[in-house]
Every structure is written in structure tokens, then in C-alpha cells.
Amino acid sequence: METGGKIRTAMQGSLSSRLLGNILFALVIIGVGTLIFASSRRIEYVWRWERVPDYIISSVRENFNARANGILISDGDAVYIIKSDGKKELVSEKAKLLMSEGSQVLVGDLVAVNKSLRLGPLTKGLLITLEISFFSIIIAVFIGIITGLMRISPVYVFRKLALTYVEIVRGTPLLVQIFILYFFFGKIFNMGQFASGVAALAIFTGAYIAEIVRAGIQSVHKGQTEAARSLGLNYIQTMQHIILPQALRRTLPPMAGQFISLIKDSSLVSVIAITDLTKAGREVISATFSTFEVWFTVAAMYLILTSSMSYLISRFELHMAKAD
Amino acid sequence: METPIIFADNIHKRFISGVHALRGASLSVSQGEVVVIIGPSGSGKSTLLRMFNMLETPDSGTLIIDEMNLTTPHFNPNKLRSEVGMVFQQFNLFPHKNTMDNVTLAIRLVRKMSKGQAEDTAKILLEKVGLGDKLAAYPSHLSGGQQQRVAIARALAMKPKIMLFDEPTSALDPEMIGEVLDVMRNLAADGMTMVVVTHEMGFAREAADRIVFMDEGIIIEENAPREFFNNPAHERLKQFLNQLL
Ligand SMILES: Nc1ncnc2c1ncn2[C@@H]1O[C@H](COP(=O)(O)OP(=O)(O)OP(=O)(O)O)[C@@H](O)[C@H]1O
Ligand SMILES: [Mg+2]
């Protein structure tokens with residue numbers, strides 16, 4: 001009896017259950033995929049996936065024609081024509097020759113080309129999203145730590161201020177906050193869209209981080225503070241050297257969740273005319289009508305950002321764990 | 001008689017919870033004296049001990065330590081704390097710092113000692129408590145007895161005038177109690193002023209100059225060890241000692 005039980009659990013724990021699970025998973029995905037695909041056949045829509053790469057990165061070809069008669073030369077980057085009077089005429093700062101150097105050319109001849117890669121609108125949007133997220137996260141962490149410390153401060157007015165901020169931010173929708181920041185505070189403090197967007201996201205996320213930081217600090221055993229204070233460390237030294245290092249390590253996983261939320265929530269700033277990834281997607285669609293392809297692509301690009309973030313954080317956690 | 005280094009008179013403490021933990025406790029300790037506090041659980045031993053480095057503050061009474069009057073309004077506890085070392089039941093080492101950093105942290109931050117000087121001090125002290133080979137170890141890799149010895153070295157690094165011990169061996173496995181008590185005995189022999197709350201009657205008998213018995217928030221009896229154990233005066237103390245045997 002006992003051995004039978006053991007074998008069964010061993011099998012469940014290892015190969016069979018996992019393999020079976022993966023097969024089932026694949027079947028479900030294929031099934032759902034087929035269903036969606038079949039349904040999408042019934043609507044009239046011309047899929048143009050082949051266009052999508054251009055929205056991400058496109059290669060542009062620039063042609064250069066001779067603007068004088070003369071002899072073609074190149075110094076590796078720049079292309080010139082030496083005219084009959086000996087003067088040099090610049091054709092292009094950077095291009096590749098189409099004819100051999102030293103050829104005699106006439107006005108209007110196509111003499112050189114320059115192929116370059118240009119970021120597509122979606123990639124530009126992605127970079128803006130990245131930029132907004134980066135600044136917002138840094139400011140949010142800063143706000144969050146300060147507010148978290150204020151939440152547990154011995155000074156009543158600090159606690160009250162911090163709590164009020166947290167309650168207001170957590171009790172109102174982010175979209176409304178973005179509008180208020182842009183249309184009201186943006187106007188009175190003369191902030192542009194970008195600054196307003198970053199401020200809104202940082203203030204929003206900061207409130208959540210403050211609660212994470214507060215919980216982290218409170219989770220550090222009281223004995224740590226007592227030991228530090230009994231050695232003569234003051235409040236700030238105790239926080240800085242003893243409590244925060246331990247608290248912040250514990251807050252890393254929930255904070256990572258907030259960072260990921262922030263990246264996703266940053267799509268809302270597209271409402272104040274910031275050309276982030278979401279707005280870039282909308283713009284491409286209005287120009288091309290490739291609605292479905294673009295939204296799928298945009299989703300995939302967000303997924304790349306968020307999963308890179310999770311990966312970075314997990315590496316960092318591993319690094320921290322090694323330090324003990 | 002010279003002025004005591006610890007002078008506590010008629011100390012009262014009522015916690016917000018309503019518990020009246022100290023009800024007029026009085027205790028004087030002279031320079032170089034080793035005083036052991038015993039008493040039943042909840043009698044206020046820890047509360048009294050924690051007054052001596054201001055982890056608790058008295059509601060009323062007089063408390064003068066090393067000529068500092070702790071009941072002065074707005075008294076800054078940091079000066080006092082850097083002269084009074086404390087060792088806790090749960091060790092309370094800093095888990096994110098290794099042995100060396102646990103010991104050097106306060107002397108660098110509070111005493112403003114250079115890194116090199118602080119590390120030299122730490123090495124000497126850790127050698128003294130028998131942990132000269134554990135400088136780089138983190139607390140989680142040390143046994144309870146080793147952790148408590150690091151905690152003692154950490155407190156000693158500040159060159160305190162007084163060392164307070166709150167049940168330093170109560171959280172230890174029996175086989176590790178000896179190594180910690182040995183360190184404490186050496187410290188007592190070196191002339192350190194010590195106030196020790198403990199249930200280790202063997203230690204009290206050999207190392208203490210005086211034993212005090214606390215019950216319900218006051219000290220009801222104090223005496224030299226031999227008299228204390230052989231001729232207890234109060235009925236409560238007799239009962240308490242009988243229970244221990
Ligand atoms: N921070 C606190 N808040 C409220 N009550 C407390 C606090 N600290 C201690 N007490 C109470 O005060 C009384 C005395 O506690 P204290 O810790 O001084 O006793 P003790 O003699 O050290 O006991 P033990 O041997 O169990 O450690 C107890 O009833 C305890 O519950
Ligand atoms: Mg106690």
C-alpha cells in the first residue's frame with residue numbers, strides 16, 4: 001500500500017503530470033487559436049502582417065545625383081565631384097558610390113546611395129514609453145520611501161500628511177489624475193505633457209510604493225531598532241543602516257509588481273497627447289487601417305517591456321540573496 | 001559611600017495597555033558591581049533594566065546614571081546609550097551585516113572611528129569572546145551561542161561603562177549556555193559594572209556581588225549571594241527559590 005502511494009506521488013510530481021499538462025496546454029491554446037482564427041475569417045479584413053516590420057524599423061534609401069560635371073571621388077564616407085576648374089563639389093556627407101571612383105560623371109547622373117535604418121513609429125513610441133516609465137519609477141520610489149517613512153514617523157503631522165496623500169491617490173482613478181495634473185497643475189506650474197505625464201504616474205505609483213515601504217519597515221523585528229538604538233545610533237542612522245536595508249529587500253517583489261503596473265498604466269498618458277507606444281499605435285492605425293495587426297504588435301511590445309522588467313528584478317533578487 | 005553609577009529611586013511605569021509594570025522600584029548599583037535581578041515572569045525585570053538605557057522611560061521617580069539625570073525633560077538618550085551596553089535575549093544581531101560589520105557599525109557611526117581602527121577593535125573583542133575565526137560570517141550561519149557572543153562583543157566595542165543583560169541565555173540550547181556565561185564571568189572579573197536579569201542561579205551565586213528579587217513591580221529583597229540563598233527573608237522569595245529547586 002505504502003509503496004504504491006509513494007510511486008504514484010513520485011510519478012505525479014515528475015514526468016507524467018508535467019508532460020500531460022504541457023500537452024493539454026498546447027491543445028487548449030491551439031483550440032482557442034483555431035476558434036478565434038475561424039471566427040476572424042467571417043469578418044472582412046485584409047491582414048497585412050507584411051507591413052508591420054516597417055512600423056517597427058524601416059530601411060530608407062537615399063539617392064544622390066551629380067550636380068556638376070566632373071570626376072567622382074570618395075574618402076570613405078563623403079562623396080565629391082572634382083570639377084574641371086579643380087574645385088570640389090560635395091555630393092553627400094555619407095553615401096556609397098554606385099560607380100567606380102574616378103569615373104567621369106555628368107549632371108543628373110545617379111552616383112551614390114545611402115541606405116539607413118529608421119526607427120518606425122511603434123519603436124519611437126516604445127522608447128517614449130520606456131523613457132516615461134524610467135523617470136516615473138525613479139521618482140515614484142523616491143516619493144514612496146519618503147512617504148513610507150512619514151507614515152510611521154513619530155511626528156503626527158507627517159503621518160497625517162502622508163496618509164492623506166495615499167488616500168487621495170488610491171481613491172481616485174489614474175486617468176482623472178492625469179487630466180487634473182495636465183490641465184490644472186500643468187497650467188499653473190507651466191508643465192508640458194511629458195512632465196505632467198511623468199508626474200502623474202510617479203505620484204500615483206508613489207502612493208502604492210509608500211504602503212509597500214511602510215509594511216516592509218513594520219515587518220522588521222522591533223528588536224532590530226532596539227539593538228541599534230541601544231548602541232547609540234540615532235533615528236536616522238537606525239533607519240538608514242539597519243531598518244531600510246532589511247525592509248527594502250523584503251519590499252522588492254511587491255515593488256517589482258508596481259513597476260510593471262506602471263509600465264502598463266503609462267499607456268494612459270496617451271490621452272494628453274504624448275506619443276507613447278499606445279498613441280503611436282493609434283496613429284499608425286489611422287494612417288493604415290491595420291487595426292488588428294498593430295494592436296497585437298503593441299501588446300507584444302508591452303509584453304517585452306514588462307517581462308524584461310521581471311527578469312531584471314529577479315536577477316537583482318538573486319544577487320541580493322547571494323549577499324547573505 | 002561613593003555615588004552609585006546607577007541610582008533608581010521609586011520608579012513607576014504604567015504601560016498604555018494599563019499594566020502597572022513598575023510600582024516604586026528602587027535600585028542602586030556601584031561602579032564595578034555585578035547585580036543579578038531575579039523574579040517571576042511579569043514582575044517588571046525587563047522593564048526596569050530597559051529604563052537604564054532609556055528603551056523605556058519612567059512615569060515618575062528619580063533615575064540618575066553616570067551623573068546624568070534621565071528624568072530631565074528632553075534628555076537626549078543617545079549620549080547615555082553609547083555608554084550603556086545592552087544584550088538581549090534574542091541577540092538582535094543585524095542579519096544583513098557580517099560579524100565584523102555588526103561589531104564595527106556603532107563605533108564607526110557614533111564614535112566616528114576610522115574603518116581600520118574599528119576593525120582592529122572588533123578583532124580584539126571577537127578574539128576575546130572566542131570568535132576570531134568568524135569575522136566574515138553572517139548571523140544566520142552562526143549558532144545561538146556564537147550569535148550571543150557577537151552581540152556581547154558588539155556592545156563592548158562602544159567601551160560602555162555599564163553592561164545590561166536581559167536573559168542572555170534564555171533563548172539558547174542548553175549546551176551553549178556555558179560559553180556565553182563564561183564570557184560574562186570574564187567580563188565581571190575584569191571589573192565591568194553589570195546588571196543581569198537571568199534564571200541561571202549558578203551564575204548568580206558565583207559571579208554576582210548582589211542579587212535582587214523583584215516581585216510585582218518592586219524590589220522586595222536584596223543581598224549578597226550567600227545570604228540571599230541561605231536566608232531569604234520574604235515568603236515570596238522563599239516560594240520562588242523553592243520552585244527553582
Ligand atoms: N511594551 C509593553 N506594553 C504593554 N505592556 C508591557 C510592555 N512591556 C511589558 N509589559 C507588561 O509589563 C509587565 C512587566 O513586564 P516585564 O517584561 O518587565 O516582565 P519580566 O519580569 O521581564 O518578565 P519575563 O520574565 O517574562 O521576561 C508584564 O505584565 C508585561 O506584560
Ligand atoms: Mg523579561
Side-chain angles (χ1 to χ4, degrees), chain A residues 141 145 148-149 152-160 212-256 313-324, chain B residues 46 49-56 76-98 101-112 136-142 147-148 150-160 162-166 171:
Chain A
V141 168
I145 291 177
L149 285 169
I152 52 154
S153 156
V155 184
Y156 175 76
V157 64
F158 285 169
R159 293 202 302 273
K160 183 102 184 166
I212 292 171
V213 169
R214 179 188 60 78
I217 290 172
Q218 285 176 337
S219 78
V220 177
H221 193 264
K222 194 168 117 270
Q224 292 289 308
T225 311
E226 291 188 347
R229 300 306 300 273
S230 75
L231 286 165
L233 272 67
N234 61 32
Y235 182 83
I236 293 172
Q237 290 169 328
T238 303
M239 274 296 163
Q240 182 189 344
H241 295 278
I242 306 303
I243 307 304
L244 280 180
Q246 296 182 57
L248 292 183
R249 187 172 302 194
R250 284 174 216 185
T251 58
L252 218 49
M255 259 207 226
I313 298 267
S314 68
R315 285 301 299 267
F316 187 61
E317 269 174 68
L318 216 65
H319 172 78
M320 297 275 267
K322 263 198 211 125
D324 302 312
Chain B
S46 298
L49 194 72
R50 290 158 59 86
M51 296 273 162
F52 299 158
N53 71 351
M54 285 191 87
L55 285 179
E56 305 289 355
N76 177 2
N78 291 331
K79 166 117 178 54
L80 170 79
R81 285 173 179 155
S82 63
E83 295 190 2
V84 181
M86 177 119 185
V87 175
F88 301 87
Q89 183 175 345
Q90 299 298 336
F91 331 132
N92 295 344
L93 290 185
F94 306 131
H96 59 302
K97 297 198 176 288
N98 66 20
D101 294 343
N102 262 279
V103 178
T104 56
L105 181 80
I107 41 179
R108 294 191 59 195
L109 288 178
V110 181
R111 295 266 188 259
K112 312 285 181 212
Y138 280 85
S140 56
H141 295 286
L142 297 176
Q147 289 191 52
Q148 194 60 299
V150 174
I152 294 173
R154 177 175 72 175
L156 288 177
M158 292 293 287
K159 295 223 180 336
I162 303 167
M163 283 285 283
L164 309 174
F165 294 83
D166 193 357

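Throughout, a chain's letter reflects where its sequence line sits, starting with A, and its residues are numbered from 1.
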* So which part of Val87(B) gets closer than 4.5 Å to some heavy atom of chain A, the side chain, the backbone, both or neither? -> neither
* **Candidate pair Leu105(B) and Leu233(A), rule side chain to side chain contact (heavy atoms under 4.5 Å, CB included), full reasoning** => CA-CA 9 Å; Leu105(B) 181 80; Leu233(A) 272 67; 3.9 Å; yes
* **Leading residue by heavy atom contact count with chain A [cutoff under 4.5 Å; candidates Asn76(B), Asn53(B), Val110(B)]** =>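 Going by pairs under 4.5 Å, I would pick Val110(B).
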* Structure fact -> Among Arg81(B), Lys79(B), Glu83(B), the residue with the most heavy-atom pairs under 4.5 Å to chain A is Arg81(B)
* Asked: Are any of the side-chain heavy atoms of Arg50(B) and Glu226(A) separated by less than 4.5 Å?
  ->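 Yes. Closest side-chain heavy atoms under 4.5 Å.
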* Side-chain contact test, heavy atoms from C-beta onward, threshold under 4.5 Å: evaluate it for Phe94(B) versus Pro245(A) and give yes or no. => no
* Does the side chain to side chain contact (heavy atoms under 4.5 Å, CB included) test come out yes or no for Arg229(A) and Met54(B), once each step is laid out? -> CA-CA 9 Å; Arg229(A) 300 306 300 273; Met54(B) 285 191 87; over 6 Å; no
Would you name the heavy atoms of [X] and [Y] that are closest together and state the gap between them?
{"X": "Lys97(B)", "Y": "Ile242(A)", "answer": "CE-CD1, 4.5 Å"}
{"X": "Gln237(A)", "Y": "Leu109(B)", "answer": "NE2-O, 3.5 Å"}
{"X": "Leu231(A)", "Y": "Met158(B)", "answer": "O-CE, 3.3 Å"}

* Going from CD on Gln90(B) to NZ on Lys222(A), what distance comes out if it is rounded to the nearest 0.5 angstrom? ->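 Those atoms lie 11.0 Å apart.
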* Pairwise distance CG(Leu93(B)) to CD(Gln224(A)) - rounded to 0.5 angstrom ->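 Output value for this atom pair is 8.0 Å.
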* Take Tyr235(A) and Asn78(B), measure what side chain to side chain contact (heavy atoms under 4.5 Å, CB included) needs, and give me the verdict at the end. => CA-CA 10 Å; Tyr235(A) 182 83; Asn78(B) 291 331; over 6 Å; no
* Do you know which of Gly223(A), Ala228(A), Ser230(A) has the most heavy-atom pairs with chain B at a distance under 4.5 angstrom? ->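 Heavy-atom pair counts peak at Ser230(A).
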